[in-house]
Protein chains: 2
Amino acid sequence: MQISRSLEYAVRSLVCLVNSKEPLSLKRIASGEKIPSPYLAKIMRTLVNGKIVCSTRGRKGGYFLLIPPEEIALYDLYLLFEKKDKFLPCFEDNSYCPTPGKCVRKVVWYKIENAVIKAFKNVSLQEMAGKNNLSGKAKK
Amino acid sequence: MQISRSLEYAVRSLVCLVNSKEPLSLKRIASGEKIPSPYLAKIMRTLVNGKIVCSTRGRKGGYFLLIPPEEIALYDLYLLFEKKDKFLPCFEDNSYCPTPGKCVRKVVWYKIENAVIKAFKNVSLQEMAGKNNLSGKAKK
DNA sequence: ATAAAAATGGACTTCTTAAGTCCACTTTTT
DNA sequence: AAAAAGTGGACTTAAGAAGTCCATTTTTAT
């Protein structure tokens with residue numbers, strides 16, 4: 001039960017984009033965040049394909065956000081980097097399970113999975129960037 | 001983000017114990033649940049060391065619960081099988097992190113981790129065994 | 001007493017997958 | 001046209017989960 005390094009790298013990189021007006025190149029992000037740049041390249045491609053960021057090539061190229069950070073939920077990233085549909089081994093492979101199909105335990109496990117998903121849906125990239133106006137929320 | 005097979009095996013085995021009056025031997029559990037028995041042996045040892053079950057040796061020996069199943073939270077098992085303290089890589093190893101010590105992101109990640117922990121605390125072994133009197137709860 | 005049936009402990013192997021690398025290619029700017 | 005950027009995919013490495021093995025101890029039935 002552990003967040004993958006990929007997801008953590010992705011969050012860090014996206015926070016960089018939140019804090020930048022111009023597009024940021026792979027190299028800039030990688031060196032700033034101390035992430036191996038070929039590995040980050042792969043992560044950024046996933047983010048591009050997942051429609052979380054946009055990229056431009058050539059000189060002055062780089063990555064930037066497509067949508068405002070308060071509209072990006074951590075859950076969107078969870079889906080990209082923590083391949084879904086196998087929260088539990090037996091969710092996709094019945095060979096580990098003496099009771100294929102629905103069973104009491106599975107129902108309970110799904111309940112837990114849903115709580116986890118909810119936790120990821122409740123956090124925005126904005127919040128990860130430390131820019132949430134929590135005071136507003138807190139006041140009422 | 002995935003439940004380990006060990007934890008799932010542990011839950012299944014414990015449910016067997018809930019449903020049994022006498023102690024169950026490793027072999028009985030392993031064959032009933034189709035779990036490789038030397039592997040289950042390791043799991044049962046973890047449960048014994050974790051004070052979740054008790055064991056007796058020799059003929060007629062086996063495993064049995066020490067405490068009533070409604071007092072065993074899934075979180076107790078989570079602690080035994082999903083080694084804590086590394087929900088996030090950087091929680092225990094700063095080398096992956098350009099900002100050691102507290103940072104905005106870590107605070108948010110902890111928040112998520114807490115939601116996960118809460119989800120595991122909310123489920124008892126009793127519930128996993130399908131013996132929860134939910135009707136009582138639901139009524140009021 | 002002793003044999004059989006059980007748990008224990010720890011070292012070991014195997015397998016999966018996350019993490020990371022590499023390279024040939026395309027696109028854009030100066 | 002050269003330099004600086006992203007792209008795609010195949011590949012390698014490393015870590016940890018999953019599983020095995022064996023020698024030992026404990027208990028019970030005969």
Side-chain angles (χ1 to χ4, degrees), chain A residues 1-10 12-13 17 22-31 33-50 52-64 78 80-86 88-90 92-93 95-97, chain B residues 1-10 12-13 17 22-31 33-50 52-64 78 80-90 92-93 95-96:
Chain A
M1 205 61 175
Q2 196 175 347
I3 302 297
S4 68
R5 215 171 286 177
S6 299
L7 175 53
E8 210 269 329
Y9 287 165
R12 294 227 306 263
S13 304
L17 299 186
E22 328 123 25
L24 292 178
S25 74
L26 187 61
K27 272 190 186 164
R28 288 276 292 314
I29 303 173
S31 72
E33 293 296 325
K34 295 203 189 106
I35 299 170
S37 94
Y39 189 45
L40 183 59
K42 219 166 68 168
I43 290 170
M44 295 313 292
R45 272 179 265 151
T46 303
L47 289 172
V48 170
N49 292 333
I52 306 291
V53 303
C54 215
S55 65
T56 54
R57 292 183 171 200
R59 286 234 187 147
K60 290 270 136 192
Y63 301 93
F64 54 94
Y78 177 93
L80 288 176
F81 294 99
E82 310 278 331
K83 40 175 130 13
K84 232 200 113 187
D85 288 342
K86 50 166 203 166
L88 209 61
C90 70
E92 66 172 11
D93 182 352
S95 68
Y96 298 117
C97 192
Chain B
M1 205 63 175
Q2 197 176 345
I3 302 297
S4 68
R5 215 171 287 176
S6 300
L7 176 52
E8 210 270 328
Y9 287 165
R12 295 224 307 262
S13 305
L17 300 185
E22 328 121 26
L24 293 178
S25 75
L26 187 61
K27 271 190 185 164
R28 288 276 294 308
I29 304 173
S31 72
E33 293 297 323
K34 294 201 189 111
I35 299 170
S37 92
Y39 188 44
L40 182 59
K42 220 166 68 169
I43 290 170
M44 295 313 291
R45 272 179 265 152
T46 304
L47 288 172
V48 170
N49 292 331
I52 306 291
V53 303
C54 214
S55 65
T56 55
R57 294 183 171 200
R59 287 235 188 145
K60 289 270 137 192
Y63 301 94
F64 54 94
Y78 177 92
L80 288 177
F81 295 99
E82 308 279 330
K83 42 176 129 16
K84 235 204 113 186
D85 289 343
K86 51 167 205 168
F87 183 69
L88 209 60
C90 69
E92 65 171 13
D93 181 352
S95 69
Y96 298 116

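Chain naming here is simple, since letters A, B, ... match the order of the sequence lines and numbering starts at 1 in each.
Atom CG in A/Asn49 sits roughly 8 Å away from atom P in D/dT7 (whole-Å rounding). Atom NZ of B/Lys34 and atom P of D/dG19 are 15 Å apart (whole Å). At whole-Å resolution of the value, CZ in A/Arg28 and C1' in D/dG6 are 16 Å apart. In this structure, the CD1 atom of B/Ile3 is 16 Å from the C1' atom of D/dA18, given to the nearest Å. For the pair B/Lys86 NZ and D/dA15 P, the computed distance is 12 Å after rounding to whole Å. In this structure, B/Gln2 atom CD and D/dA17 atom C1' are separated by 10 Å, rounded to whole Å. Across the protein-nucleic acid pair, A/Leu88 atom CG and D/dA18 atom P stand 11 Å apart, rounded to whole Å. Summarising the geometry, the separation between CG on A/Leu26 and C1' on D/dG8 is reported as 14 Å, rounded to the nearest angstrom.
Side-chain contact check for A/Leu26 versus A/Tyr63: some heavy-atom pair is nearer than 4.5 Å. B/Leu80 has its side chain out of reach of B/Asn49: every pair of non-hydrogen atoms, C-beta onward, lies at least 4.5 Å apart. Counting only heavy atoms from C-beta outward, the side chains of B/Phe64 and B/Leu17 never approach each other to under 4.5 Å. Between B/Leu47 and B/Phe81 the shortest side-chain heavy-atom distance falls below 4.5 Å.
For the OP1/OP2 pair of D/dA17 and a distance below 4.0 Å, the side-chain nitrogens and oxygens of B/Ser6 include no atom meeting the criterion. Listed pair A/Ser55 / D/dT7 meets the phosphate criterion, a side-chain N or O lying under 4.0 Å from OP1 or OP2. The phosphate of D/dC11 (OP1 or OP2) has no side-chain N or O of A/Tyr39 nearer than 4.0 angstrom.
For the salt bridge (charged side-chain N to carboxylate O under 4.0 Å, His left out) criterion with A/Glu33, the lone passing option out of A/Arg12, A/Lys27, A/Arg28 is A/Arg12.
The base of D/dG8 does not come close enough to the side chain of A/Lys42 for any donor and acceptor atom to sit less than 3.5 Å apart.
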For residues 34-44 of chain A, dump all side-chain donor-acceptor pairs below 3.5 Å to protein atoms at least two apart in sequence or in another chain.
residue: A/Tyr39; atom: OH; partner: A/Ser6; partner atom: OG; Å: 2.6

Which letters describe nucleotides 21-30 of chain D, given B = protein heavy atom under 4.0 Å from base, S = only from sugar-phosphate, - = neither?
----BBBBS-
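Between A/Met1 and B/Glu82, the shortest heavy-atom distance links the atoms N-OE1, 2.8 Å.
Where DNA chain C meets chain B (any atom under 4.0 Å from a heavy atom), the bounding nucleotides read 5' to 3' are C/dA4 to C/dG10.
Note: A/Glu8 CD to A/Gln2 CD = 11.5 Å, rounded to the nearest 0.5 Å. Between A/Leu88 atom CG and B/Arg5 atom CZ the span is 10.5 Å, to the nearest 0.5 Å.
Looking at heavy-atom distances under 4.0 Å, B/Tyr9 makes contact with sugar-phosphate atoms alone, never a base.
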